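Note that the coordinates shown come from a computational prediction; the quantities given were computed from them, not determined experimentally. Every chain is numbered from 1, with letters handed out A, B, ... down the list of sequences.
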Amino acid sequence: MTFNSKWVQLAVLLALIAILPVFFPSGYYFRVGALIFVNALSVVGLVILIGYAGQISLGHAGFAGIGAYACALGPEALGLHPALAMLLGALVSAIMAALIGKPILRLKGYYLAVATLGFGILVSMVLTNERSLTRGPDGMEVAELGLRDFLKGVGLKLSSGEFWYLVCGLVLIVGVWIALNLFNSSTGRAMRALHGSEVAARTVGIDVAQVKLQAFVISAVYASVAGSLLSLQNRFITPDVAGFMHSIEMVTMAVLGGVNSVLGATLGAAILTLLPQVLTVFAEYEQLIMGLVMILVMIFLPRGLLPSIAAKLRGRGE
Amino acid sequence: MKTAITTALTTGMTTLVALGAISLSAPASAEIRLGASVSATGPAAFLGDPEAKTIEMLVEQINEAGGINGEKIKLFLYDDGGDPNKARTFATRLVEDDEVTAIIGGSTTGTTMSIISVAEDESIPFISLAGAIQIIDPVRANVFKTPHTDRMACAKIFTDMAARGLTRIGMISGTDGFGASMQAQCHDIAAEHGIEVLADETYGPQDADMTPQLTKIAKTEGVQAILNPGFGQGPAIVTRNKAQLGIDLPLYQSHGVASDGFIKLAGAEAAEGVRLPGTALLIADILPDGDPQKEVVTTYKTAFEAKFDQKVSTFGGYANDAFLLMANAMKTGGADAEAIRDALEATTGLVGTTGTYSFSATDHLGLDLSAFRMLEIRDGGWALAE
């Protein structure tokens with residue numbers, strides 16, 4: 001096979017995103033698709049942190065919150081273009097991640113989980129309680145990105161759903177491309193080395209603290225961009241985006257699909273985004289069914305759906 | 001690279017199968033499609049649950065009676081769990097996929113605001129069940145709402161306080177959406193009513209003890225009454241804590257706790273003498289026979305309690321009113337979104353459980369203060385305070 005694995009994965013993702021709309025019977029499916037891409041983007045960030053570097057975070061919704069509110073507040077308070085506000089949000093998230101990452105990444109296991117959890121809750125509380133800035137728990141409206149009108153001007157008319165499907169799809173592909181590149185880069189190898197054994201990694205000259213911090217910052221930027229895309233798409237944002245449940249949801253998606261695999265994580269995001277839509281008839285049992293799916297996957301496919309299924313298909317079964 | 005290809009193909013197949021699973025059956029003819037997205041589960045379930053039940057019950061009733069102008073209503077009801085992001089997705093689904101001509105829903109202000117952007121973009125008439133004033137101010141062409149605004153609740157409470165000579169008060173508010181919004185509105189209009197807020201405390205929606213805040217208010221020099229904007233369990237805890245501390249000041253709650261559940265949660269003894277602005281629905285039994293709302297509230301209360309073996313709440317009443325308004329507009333508007341919108345705006349004197357609605361181009365709430373009744377809790381039940 002002459003293809004590089006990275007290019008095959010990217011090609012499949014690209015083909016899926018491009019071909020699926022042919023089967024969409026209505027605009028609603030574009031909306032669901034765009035949501036899947038947004039969730040997948042933040043989950044790909046978690047793959048870098050959890051899958052590559054072996055660090056846990058239960059507070060990444062905090063970064064999504066920063067990204068989302070940057071797009072709401074930037075245009076209003078600073079007069080920034082929403083796209084610039086998105087970059088600003090990513091920058092703020094990166095700086096925050098670097099600042100808090102330095103002390104808390106010394107922690108391991110549960111302690112790290114609880115520390116990141118605390119960070120997420122803090123962001124959510126600030127967004128909820130700083131009413132003069134964020135309008136509090138009722139949320140605030142978000143400015144229009146303006147790109148759709150520009151496209152209309154040059155003769156490309158897209159519905160809101162189609163437009164966001166396209167934008168989020170493109171951003172996801174770029175995100176996946178970066179993550180796959182990182183995997184085989186020297187930084188990526190260092191991350192995987194410290195995942196295997198911190199002591200061994202240190203012995204071969206890897207700056208463990210520095211590499212952990214890099215993974216944390218990169219994944220924070222992913223979450224932030226995803227948050228921004230969500231708020232720009234919804235044109236309305238509430239502090240729920242930074243909520244604890246959102247953090248848990250992200251980790252669940254990553255673990256369900258396969259936390260070591262970028263495509264697996266994308267699949268996890270797709271399943272958990274689709275499930276509530278498929279299960280509307282059983283809305284009352286939705287949590288139950290999700291919990292059950294999760295437990296079954298953990299017991300029977302502990303490496304996550306995609307890696308386990310792929311292994312079975314190759315006939316090497318586990 | 002067989003590994004990568006297998007992996008990639010698996011992803012592709014699974015996604016395709018999953019997406020296929022959500023396709024729905026094709027639309028049938030001769031029916032009016034009504035959409036609803038409420039928070040039947042999750043933190044706002046005490047709002048959404050009675051709302052969902054009410055809408056389902058009313059659709060069933062109207063279809064059994066032959067529908068509207070002979071056309072049956074087909075209801076598409078979703079549970080957004082109080083998540084604005086989900087509410088937006090369901091609103092998109094209602095409009096794009098289920099092709100509804102009107103939407104009722106949005107149990108909370110957050111979910112309502114998410115649905116609004118879809119309703120406005122697609123010009124679908126939408127009646128919200130949430131309280132905040134920002135929903136109808138500024139007026140949006142397609143957005144209406146049935147509950148009183150929190151600003152009106154503040155006005156009603158302050159009027160009653162002033163009449164009793166209670167002009168210096170302490171406030172303790174929840175930091176949830178409802179509490180925070182009402183706190184801000186009350187501050188806004190306190191001076192107009194000659195009310196002075198001497199102490200201003202808050203509590204988190206999950207807090208289990210408010211004695212420090214209450215002690216602080218009670219110790220503030222000159223406080224004559226306490227006002228507690230908030231909903232859920234918080235106000236019940238405030239009420240209990242106030243009784244436990246033996247604070248002998250009149251307590252006012254908001255319309256957010258106007259249900260029998262509140263009395264049960266706070267305990268009849270602690271809740272004795274608590275006043276709050278409520279709707280006629282809570283006092284259906286003691287409403288005088290000549291009251292214009294008597295018939296509407298009794299009909300709804302009887303039907304709901306018979307069907308679900310559960311007490312009516314103000315919130316289910318909001319859904320009842322929204323449905324009455326929508327059904328009334330559909331009589332002239334049929335299944336045409338624009339005609340329904342116009343008919344809604346032209347509604348005058350429609351009696352609901354919350355009040356009598358008269359919409360206009362500049363008023364998409366259509367209620368005044370007269371519909372609010374100042375209620376007092378006496379012997380574990382509701383009584384008219386006026």
Side-chain angles (χ1 to χ4, degrees), chain A residues 1 3-6 8-9 11-13 15-16 20 23-33 35-36 125 128-129 131 136-139 141 160-161 230 233-238 240-241 261 263-264 266-267 270-271 274-278 280 283-284 286-287 305-307 309-310 313-314, chain B residues 1-12 14-16 18-24 40-41 76-79 81-86 88-90 92-99 108-111 113-114 116-118 121 130 132 134 175-181 183-184 202 204-205:
Chain A
M1 190 58 82
F3 287 124
N4 183 310
S5 137
K6 180 178 88 186
V8 175
Q9 294 192 39
V12 168
L13 193 66
L16 270 179
L20 276 180
F23 303 101
F24 288 174
S26 80
Y28 152 67
Y29 292 78
F30 285 98
R31 159 79 185 169
V32 176
L35 274 187
I36 291 177
M125 280 180 77
T128 309
N129 292 330
R131 279 220 311 274
D138 276 346
E141 282 172 67
S160 168
L230 188 70
Q233 179 181 172
N234 285 357
R235 301 283 316 279
F236 184 78
I237 197 75
T238 67
D240 289 344
V241 68
S261 146
L263 271 197
T266 312
L267 176 68
I271 293 177
L274 281 174
L275 216 50
Q277 298 295 325
V278 182
T280 47
E284 283 160 31
E286 186 191 311
Q287 307 285 342
L305 271 181
L306 193 63
I309 294 175
L313 284 184
R314 282 196 303 273
Chain B
M1 279 315 308
K2 202 178 166 208
T3 322
I5 296 179
T6 329
T7 314
L9 280 180
T10 321
T11 321
T14 326
T15 315
L16 263 179
L19 271 173
I22 49 173
S23 38
L24 283 163
T41 58
F76 296 86
L77 177 76
Y78 297 120
D79 169 18
D83 176 358
N85 188 36
K86 265 193 186 169
R88 158 115 196 182
T89 308
F90 282 132
T92 311
R93 182 168 184 172
L94 286 171
V95 174
E96 304 258 1
D97 210 54
D98 302 332
E99 295 171 9
T108 67
T109 303
T111 53
M113 296 308 286
S114 296
I116 282 180
S117 56
V118 177
D121 279 354
Q134 73 206 68
T175 53
D176 53 287
F178 180 91
S181 169
Q183 180 194 22
T202 58

Worksheet item: Do you know which two heavy atoms are closest between A:Asp240 and B:Pro84, and how far apart they sit?
Response: OD2-CD, 3.1 Å
Discussion item. A:Arg31 vs B:Arg93, test: side chain to side chain contact (heavy atoms under 4.5 Å, CB included). Steps then yes/no.
Written reply: CA-CA 9 Å; A:Arg31 159 79 185 169; B:Arg93 182 168 184 172; over 6 Å; no
Worksheet, complete the sentence: Heavy-atom closest pair (B:Thr175 atom, A:Thr128 atom, distance to 0.1 Å) is O-CG2, 3.9 Å
Practice prompt. Counting only heavy atoms closer than 4.5 Å, note whether B:Ala180 contacts chain A via side chain, backbone, both or neither.
Written response: both
Worksheet entry | Donor-acceptor pair between A:Asn234 and B:Asn85 side chains, under 3.5 angstrom | yes
Worksheet item: At a heavy-atom separation under 4.5 Å, does A:Glu141 approach chain B through its side chain, its backbone, both, or neither?
Response: side chain
Worksheet entry | Part of A:Ile237 lying under 4.5 Å from any heavy atom of chain B | neither
Fill in: side chain to side chain contact (heavy atoms under 4.5 Å, CB included) between B:Asp97 and A:Tyr29, worked out
CA-CA 8 Å; B:Asp97 210 54; A:Tyr29 292 78; 3.2 Å; yes
Worksheet entry | Exercise: do A:Arg235 and B:Ser117 side chains pair donor with acceptor under 3.5 Å | no
Practice prompt. Check A:Arg131 against B:Ala184 and note the closest heavy-atom contact, atom names and distance.
Written response: NH2-CB, 4.1 Å
Worksheet item: What are the two closest non-hydrogen atoms of B:Phe90 and A:Pro276, and how far apart are they?
Response: CZ-O, 4.4 Å
Worksheet item: Closest approach of B:Glu96 and A:Tyr28, non-hydrogen atoms and distance?
Response: CB-N, 3.4 Å
Worksheet entry | Non-hydrogen atoms of B:Ser114 and A:Phe236 that approach each other most closely | OG-CD2, 3.7 Å
